[in-house]
Number of protein chains: 2
Amino acid sequence: MGTTQAARGNGVAVADAPEPKYWHLRTVLVRALDSEFQAGEVLPNERDLSARFGVARATLRQALDQLELEGRLVRRRGIGTLVAAPRMGVPVAETAGRDSWRIVDAGYAPAPAAVATTLGIPADEPVHAVRRLRMMHGQAIGAETLYVPDAVVPHVPAIFAKSSIADSSRARSVLRQLQRLELDGESRTVELGVAEEEQARMLERPPGTPVLVLTTRYQAQGGTAAVAVSTYRADMCRLTFGASGVVDVTPAAPAAEVRTAS
Amino acid sequence: MGTTQAARGNGVAVADAPEPKYWHLRTVLVRALDSEFQAGEVLPNERDLSARFGVARATLRQALDQLELEGRLVRRRGIGTLVAAPRMGVPVAETAGRDSWRIVDAGYAPAPAAVATTLGIPADEPVHAVRRLRMMHGQAIGAETLYVPDAVVPHVPAIFAKSSIADSSRARSVLRQLQRLELDGESRTVELGVAEEEQARMLERPPGTPVLVLTTRYQAQGGTAAVAVSTYRADMCRLTFGASGVVDVTPAAPAAEVRTAS
DNA sequence: GAGTGGTCTAGACCACACG
DNA sequence: GTGTGGTCTAGACCACTCT
């Protein structure tokens with residue numbers, strides 16, 4: 001047994017706690033990031049780092065994966081691994097600033113089963129689906145699809161209503177009418193997810209990117225008038241709630257360029 | 001080039017979209033989970049699965065990693081890979097049910113730098129740190145540390161105040177006084193993190209487990225009276241906000257046992 | 001002891017960005 | 001072309017759980 005422990009020896013291993021190498025590596029790197037690096041700096045490449053720490057590249061990558069999940073690093077294929085800027089505070093206000101959204105388009109098709117259930121409509125009933133991007137500091141940090149049943153926005157022009165073609169005119173029409181609605185309130189949920197193909201494309205990230213999934217139920221007249229499913233880049237965003245008046249929370253970003261190009 | 005694509009051939013690869021094998025695998029598995037499996041069922045072991053799909057075990061594991069991050073699978077060393085139950089809705093109410101918390105202990109030491117800044121106190125000033133567990137369905141799904149400056153709870157008995165020994169009597173004393181405070185409101189943030197050693201231990205999970213980090217600032221008299229940092233298991237929790245009255249959101253859990261033992 | 005997931009290795013090749 | 005991160009492989013051994 002003692003032999004086993006020694007043989008495995010990860011350089012710091014003690015018989016007491018067989019800490020995985022990659023986790024120990026992460027700890028070392030965290031300390032280095034905190035003390036010796038500035039946001040935007042480029043780390044040595046993975047092959048050099050793994051050699052320096054005396055581990056296989058795959059093991060080093062496991063540590064980097066953790067740090068990327070925590071938003072401490074940004075890896076760019078063909079470029080290198082950079083130190084990330086602190087996460088942005090993203091307000092999820094009751095009436096979230098509408099100028100921070102960029103409309104993409106809107107379609108008219110059945111919603112996902114879970115959404116249809118929440119809306120209290122048949123699973124095969126088509127609804128308006130407005131897609132838009134949450135912009136911050138000039139870049140897309142979140143993608144949202146807003147599902148609105150026909151009955152809630154009865155005045156969408158028939159030109160749009162009958163067509164399933166996605167366009168932004170329909171989006172504006174739906175949003176306009178939704179804003180006029182008297183809402184009783186909103187309830188929200190947050191959970192962890194991964195970006196599927198469509199969202200990944202909108203966020204300009206590879207599929208599988210971890211995202212914070214924010215689901216908003218807009219209540220009106222005792223029921224749910226609309227549902228919004230927003231996916232925010234988990235590496236870049238810190239969602240902020242109910243900060244009445246407190247809007248910022250975001251450092252003025254001296255090294256904003258780190259996140260500028262995705 | 002065409003040769004390259006064919007040689008790489010992942011079984012479904014088309015020249016158009018060089019989709020990674022592990023991502024394609026995930027898609028296949030998601031479909032299988034949706035249609036052929038019940039929560040709590042055990043999947044074939046990794047060696048069998050990788051052979052069946054004709055990939056290396058590491059590649060299969062990459063797909064399973066994704067599914068675990070999404071909360072679709074639970075992997076237990078020595079046991080196998082199980083289909084997870086749907087995530088629990090965890091209310092983050094203004095006055096979150098106090099009986100869903102289990103007090104662990106409380107200490108008296110300087111808070112992390114970021115917390116001290118928020119509280120507007122010197123980084124080296126000791127504060128009360130109450131640690132407790134969020135329980136649901138009989139299991140710990142979140143761990144919280146509540147930081148309260150001395151000035152906010154002046155009536156903590158001197159027996160506790162002078163000692164840095166962690167115990168639950170101090171915790172109760174601090175919580176009691178905090179409840180009597182008149183709060184102007186609370187602001188919250190949610191972001192993705194990974195469980196460090198201490199939290200991991202409290203949650204009975206390995207270090208590096210992804211967690212939703214919920215930071216609550218309790219406002220009083222124009223300032224921040226206290227700060228709570230809660231880490232919830234990202235694989236099991238869906239945080240719910242402002243669901244006035246709507247408390248549940250959690251299925252009655254016919255296969256609750258899936259999550260019973262961590 | 002047998003079976004499972006977790007860690008680690010060494011090496012190969014691919015996709016992408018840049019000069 | 002060169003250098004970077006991303007994917008994939010085949011194999012080994014460890015830690016854990018159950019019988």
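By convention in this document, chain letters (A, B, ...) are assigned in the order of the sequence lines, proteins followed by strands, and residues within each chain are numbered from 1. If you're wondering where the values come from, they're calculated on a predicted model, not measured in any experiment.
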Reckon [X] has a side-chain N or O less than 4.0 Å from the OP1 or OP2 of [N]?
| X | N | result |
| --- | --- | --- |
| A/T81 | D/dG5 | yes |
| A/Y22 | C/dC8 | no |
| B/K21 | D/dT9 | yes |

Side chain of [X] - closest among [options]:
| X | options | answer |
| --- | --- | --- |
| B/A56 | D/dC8, C/dG5, D/dT9 | D/dT9 |
| B/P20 | C/dG5, D/dT7, C/dC8 | D/dT7 |
| B/R47 | D/dT7, C/dG5, D/dT9 | C/dG5 |
| A/R61 | D/dC8, C/dG5, D/dT7 | D/dT7 |

Practice problem: Please assess A/L69 against A/D65 for the test side-chain contact (heavy atoms from CB on, under 4.5 Å), listing each intermediate value before the final yes or no. | Solution: CA-CA 6 Å; A/L69 201 64; A/D65 285 345; over 6 Å; no
Quiz item: Between B/S100 and B/R134, is any side-chain donor less than 3.5 angstrom from a side-chain acceptor?
Solution: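 There is such a pair (donor and acceptor under 3.5 Å, judged by atom type) between the side chains of B/S100 and B/R134.
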Distance check needed: [N] [atom2] versus [X] [atom1], whole Å only.
| X | N | atom1 | atom2 | answer |
| --- | --- | --- | --- | --- |
| B/L60 | D/dC8 | CG | C1' | 13 Å |
| B/L73 | C/dG6 | CG | P | 11 Å |
| B/L82 | C/dG3 | CG | P | 19 Å |
| A/E46 | C/dG11 | CD | C1' | 15 Å |
| B/R205 | C/dG5 | CZ | C1' | 12 Å |
| A/D48 | D/dT4 | CG | P | 7 Å |
| A/L49 | D/dG3 | CG | C1' | 15 Å |
| B/Q62 | D/dG6 | CD | C1' | 9 Å |

Self-check item: Polar side-chain atom of B/Q66 near backbone of B/A63 as donor-acceptor pair, under 3.5 Å
Solution: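 Side chain of B/Q66 to backbone of B/A63: no pair is present.
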Self-check item: B/Q38 atom CD, over 12 foreign heavy atoms within 6.0 Å
Solution: no
Give me the distances for all protein-to-nucleotides 17-19 of chain C N/O pairs that come in under 3.5 Å?
none

Exercise. Could you check A/R87, A/M88, A/M136, A/H137 and say which one makes a side chain to side chain contact (heavy atoms under 4.5 Å, CB included) with A/M236?
Key: A/M88
Self-check item: Polar pair under 3.5 Å, donor/acceptor by atom type, side chain B/R57, base C/dG6
Solution: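 Check passes, donor-acceptor contact within cut-off.
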Practice problem: Show your working on salt bridge (charged side-chain N to carboxylate O under 4.0 Å, His left out) between B/R61 and B/E68 and close with a plain yes or no. | Solution: CA-CA 10 Å; B/R61 279 181 62 79; B/E68 197 175 26; over 6 Å; no
Quiz item: Of all heavy-atom pairs between A/L146 and A/A228, which one has the smallest distance, and what is that distance?
Solution: CD1-CB, 3.6 Å
Quiz item: In terms of the nearest nucleotide of DNA chain C, which residue is placed more toward the 5' end: B/P206 or B/N45?
Solution: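 Looking at the nearest nucleotide for each, B/N45 comes out on the 5' side.
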